[in-house]
J.: 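Right, I'll just put the structure down here and ask away after.
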Amino acid sequence: TVGCAVVDQKGQTACATSTGGITAKMPGRVGDSPIIGAGGYADDEVGAVSTTGCGEAIMKACLARHVATVMGTGQDAVSAIKNGLNHMESRINGFGGAIAVSCKGDVGMHFSTPRMPWAYVRLGKLHYGIH
Amino acid sequence: MVEPVVIVHGGAWAVPERLWSDSVDGVKTAALHGYEILRKGGSAVDVAEAAVISLEDNPVFDAGTGSVLTFDEQVEMDAIIMNGTTMEAGAVAAIRNIPNPVKVARLVMEKTPHVMLAGEGANKFAAQYGINEVDKDLLITPYAKEELAEYKKYTNAVYCLFNKTDNAKQMGHD
């Protein structure tokens with residue numbers, strides 16, 4: 001799975017997520033990625049989110065909307081993602097990761113899997129990691 | 001004014017060490033590509049789409065070229081795009097043999113009153129806008145084939161052990 005979250009100078013947000021799914025999936029199986037509020041969510045009043053991981057768990061947790069809702073309470077992006085992932089793990093025993101930007105330009109990423117490659121550019125500077 | 005940010009990911013999983021370098025290079029390239037479009041005045045939606053296309057075109061990632069295979073050895077992909085300003089969204093599910101499903105998702109968002117198209121209907125819709133299916137072999141990597149073969153070999157081995165009672169499935173054998 002891959003994804004992107006963006007906020008521009010005007011505070012306008014967008015997200016996108018795309019995936020091939022999981023190896024040996026049943027034909028016709030659809031995961032979280034194309035589901036609004038699960039695989040992605042964007043709202044200029046809050047921010048934008050893209051998720052990845054165990055699709056069935058992410059759908060049950062409505063992970064992207066969960067993260068956006070928590071950001072809307074004023075928490076920073078990383079805390080909001082951690083909140084969503086903790087909820088998903090404790091309630092559904094599911095693992096994954098997410099990236100998020102707030103409408104104010106706060107940026108965050110976190111994952112409960114062993115690794116997730118990520119990168120962001122802010123103030124013209126590139127940041128990246130995988131572990 | 002807000003300080004603009006573009007962030008991308010390449011999937012949360014147990015990425016093996018041999019893919020670490022290529023995976024990080026891929027997300028760096030996508031983030032920089034998106035930021036360049038943003039710098040040139042592209043919209044947030046333009047940036048999200050372009051960054052994901054960059055990732056879909058990179059065979060190291062499970063999306064577009066490099067997608068993993070279904071049990072039937074097919075390529076079925078899902079994608080979404082959402083505009084936070086208008087709250088419009090578009091998505092495709094189980095679309096087959098399209099290099100960039102996110103492009104079709106954007107077309108669903110902008111050209112239809114719907115939010116999601118799935119399966120054969122999604123492919124037909126894409127074709128109406130000149131996005132035709134390609135030979136699936138163009139999207140399938142050797143790694144995807146190996147993964148599926150390994151899965152089937154392992155599954156067969158486990159289920160053979162429990163063939164008489166089919167307990168393996170009942171047990172949710174790991």
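Chain letters run A, B, ... following the sequence lines, proteins first, then strands; residues in each count from 1. Scope of the values below: all heavy atoms of this structure, side chains included, with no hydrogens, waters or symmetry mates. As the structure is a prediction and not an experimental result, all values here were calculated from the model.
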J.: Under 4.5 Å from any heavy atom of chain A, what part of B/Leu38 do you find: side chain, backbone, both or neither?
T.: side chain
J.: Using a cut-off of under 4.5 Å on heavy-atom pairs, state which of A/Ala98, A/Ala42, A/Gly11, A/Ser112 scores highest against chain B.
T.: A/Ala42
J.: Count the heavy-atom pairs under 4.5 Å between each of A/Gly21, A/Ser18, A/Ala48, A/Gly108 and chain B, then report the option with the highest count.
T.: A/Ser18
J.: Under 4.5 Å from any heavy atom of chain B, what part of A/His127 do you find: side chain, backbone, both or neither?
T.: neither
J.: Which bit of B/Glu3 comes within less than 4.5 Å of chain A, counting heavy atoms only: side chain, backbone, both or neither?
T.: both
J.: Return the option, out of A/Thr23, A/Asp8, A/Val46, with the maximum number of heavy-atom pairs under 4.5 Å with chain B.
T.: A/Thr23
J.: Chain A heavy atoms under 4.5 Å from B/Val45: which part of the residue, side chain, backbone, both or neither?
T.: both
J.: Quick check on the interface: out of A/Gly28, A/Ala119, A/Ala14, who has the most heavy-atom pairs with chain B under 4.5 Å?
T.: A/Ala119
J.: Let me know if A/Ile36 has heavy atoms under 4.5 Å from chain B in its side chain, its backbone, both or neither.
T.: both
J.: Report the C-alpha distance between B/His9 and A/Tyr120 in whole Å, list the side-chain angles of each, state the deciding distance to 0.1 Å, and finish with yes or no for side chain to side chain contact (heavy atoms under 4.5 Å, CB included).
T.: CA-CA 9 Å; B/His9 70 76; A/Tyr120 73 85; over 6 Å; no
J.: Report the C-alpha separation of A/Val121 and B/Leu32 in whole Å, then their side-chain angles, then the decisive distance to 0.1 Å, and conclude whether the side chain to side chain contact (heavy atoms under 4.5 Å, CB included) test is met.
T.: CA-CA 7 Å; A/Val121 185; B/Leu32 287 168; 4.0 Å; yes
J.: Apply side chain to side chain contact (heavy atoms under 4.5 Å, CB included) to A/Asp43 and B/Met87, showing your working.
T.: CA-CA 6 Å; A/Asp43 178 350; B/Met87 301 294 286; 3.7 Å; yes
J.: Using modelled atom types and a 3.5 Å cut-off, is there a donor and acceptor pairing between side-chain atoms of A/Thr52 and backbone atoms of B/Ala12?
T.: yes
J.: I'd like to check A/Cys4 versus B/Val6 (side-chain heavy atoms, cut-off strictly below 4.5 Å). Are they in contact?
T.: yes
J.: Indicate yes or no: at least one non-hydrogen side-chain atom of B/Glu76 is less than 4.5 angstrom from one of A/Pro27.
T.: yes
J.: I need the residue from A/Ala5, A/Gly105, A/Ala100, A/Gly53 with the largest number of non-hydrogen atom pairs under 4.5 Å to chain B.
T.: A/Ala5
J.: If you measure from CD on B/Glu17 to CD1 on A/Ile130, what distance do you get to the nearest 0.5 Å?
T.: 10.0 Å
J.: Pick whichever of B/Ile81, B/Thr85, B/Leu55, B/Thr29 has the most heavy-atom pairs under 4.5 Å with chain A.
T.: B/Thr85
J.: Between B/Asp78 and A/Thr19, is there a side-chain donor-acceptor contact under 3.5 Å, judged purely by atom types and distance?
T.: no
J.: If you count heavy-atom pairs under 4.5 Å with chain B, which of A/Met26, A/His131, A/Lys10 comes out on top?
T.: A/His131
J.: Is B/Met116 in contact with chain A via its backbone, its side chain, both, or neither, using a 4.5 Å heavy-atom distance?
T.: side chain
